[in-house]
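Note that the structure is predicted; figures quoted are calculated from it, not measured.
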Amino acid sequence: MASRTQQTAVPAVRSRNTPARVAAWAAAMGAGLIVAIVVTPMFWLMYGGLYTAFMFLCGLVAIPAGHLGRRRGKRLGGQDRGVALLAIVTGWLLILCALVLVLAYVGLVAGLGVLADTAS
């Protein structure tokens, strides 16, 4: 009779790699802001500073959370380590893009100032 009964094994509860998921969400939100800048240039003209600040903040969240996710993924047997690495790389790219946008804006304002000085 013991052969007929099925033994139901309780599945082991796997821990989630929450830092890696947070890093992935932050990186995705920052990449979405880059897409929003390209798709909606009118909003960029009105709210460009906010877009750039949020892009920078998303990068600042993605990088440390990605490193925590990589460390935790090592303890969990490699779970979500690739996602965490992608978030780290994307976070650095977000910070780079934000800094390039700030430099472009400063250059535009300086160029307009020089143009105004030569016109008068």
Side-chain angles (χ1 to χ4, degrees):
M1 200 107 344
S3 63
R4 285 188 184 176
T5 60
Q6 294 179 349
Q7 294 180 354
T8 57
V10 178
V13 177
R14 291 187 62 176
S15 297
R16 298 176 108 181
N17 194 346
T18 307
R21 293 172 193 261
V22 168
W25 272 104
M29 293 298 289
L33 285 170
I34 291 175
V35 170
I37 288 171
V38 172
V39 172
T40 59
M42 180 58 82
F43 287 129
W44 164 247
L45 292 175
M46 295 188 314
Y47 306 113
L50 288 175
Y51 279 177
T52 306
F54 284 138
M55 190 185 324
F56 188 78
L57 289 175
C58 285
L60 283 180
V61 169
I63 293 169
H67 283 290
L68 288 173
R70 296 264 307 163
R71 186 179 308 144
R72 183 165 179 164
K74 188 184 288 186
R75 284 188 284 142
L76 293 175
Q79 180 183 1
D80 291 335
R81 288 191 79 201
V83 172
L85 180 63
L86 181 65
I88 293 169
V89 171
T90 306
W92 280 111
L93 289 175
L94 288 172
I95 289 176
L96 178 70
C97 287
L99 292 176
V100 166
L101 286 172
V102 167
L103 288 174
Y105 182 73
V106 169
L108 179 68
V109 169
L112 290 176
V114 169
L115 185 64
D117 287 343
T118 58
S120 58

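Evaluation of the side-chain contact (heavy atoms from CB on, under 4.5 Å) rule for Arg70 yields Arg81, Ala84, Leu85, Ile88 as partners, not counting sequence neighbours. Ile95 meets the side-chain contact (heavy atoms from CB on, under 4.5 Å) test with Phe56, Leu60, Ile63, Leu99; sequence neighbours excluded.
Residues Val61 and Leu57 are members of separate hydrophobic clusters, defined by side-chain heavy-atom contacts under 4.5 angstrom among Ile, Leu, Val, Met, Phe, Trp and Tyr. Cluster membership for Leu94 and Leu50, using ILVMFWY side-chain heavy atoms within less than 4.5 angstrom, is shared.
Rounding to the nearest 0.5 Å gives a distance of 12.0 Å between CG of Leu101 and CG of Leu108. Between atom CZ of residue Arg16 and atom CG of residue Asp80 there is a gap of 9.5 Å, rounded to the nearest 0.5 Å.
Judged as a salt bridge (Lys or Arg N to Asp or Glu O under 4.0 Å), not a single pair has a partner in residues 101-116 (not counting sequence neighbours). Residue pairs meeting the salt bridge (Lys or Arg N to Asp or Glu O under 4.0 Å) criterion with at least one partner in residues 96-112, sequence neighbours excluded, are absent. For residues 51-69, no residue pair satisfies the salt bridge (Lys or Arg N to Asp or Glu O under 4.0 Å) rule, not counting sequence neighbours.
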Side-chain donor-acceptor pairs of residues 17-37 under 3.5 Å, sequence neighbours excluded:
unit_1	atom_1	unit_2	atom_2	d
Asn17	ND2	Gly69	O	2.9
Asn17	ND2	Gln79	O	2.9

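Nearest heavy atoms, Ala87 versus Ala62: O-CB, 3.7 Å.
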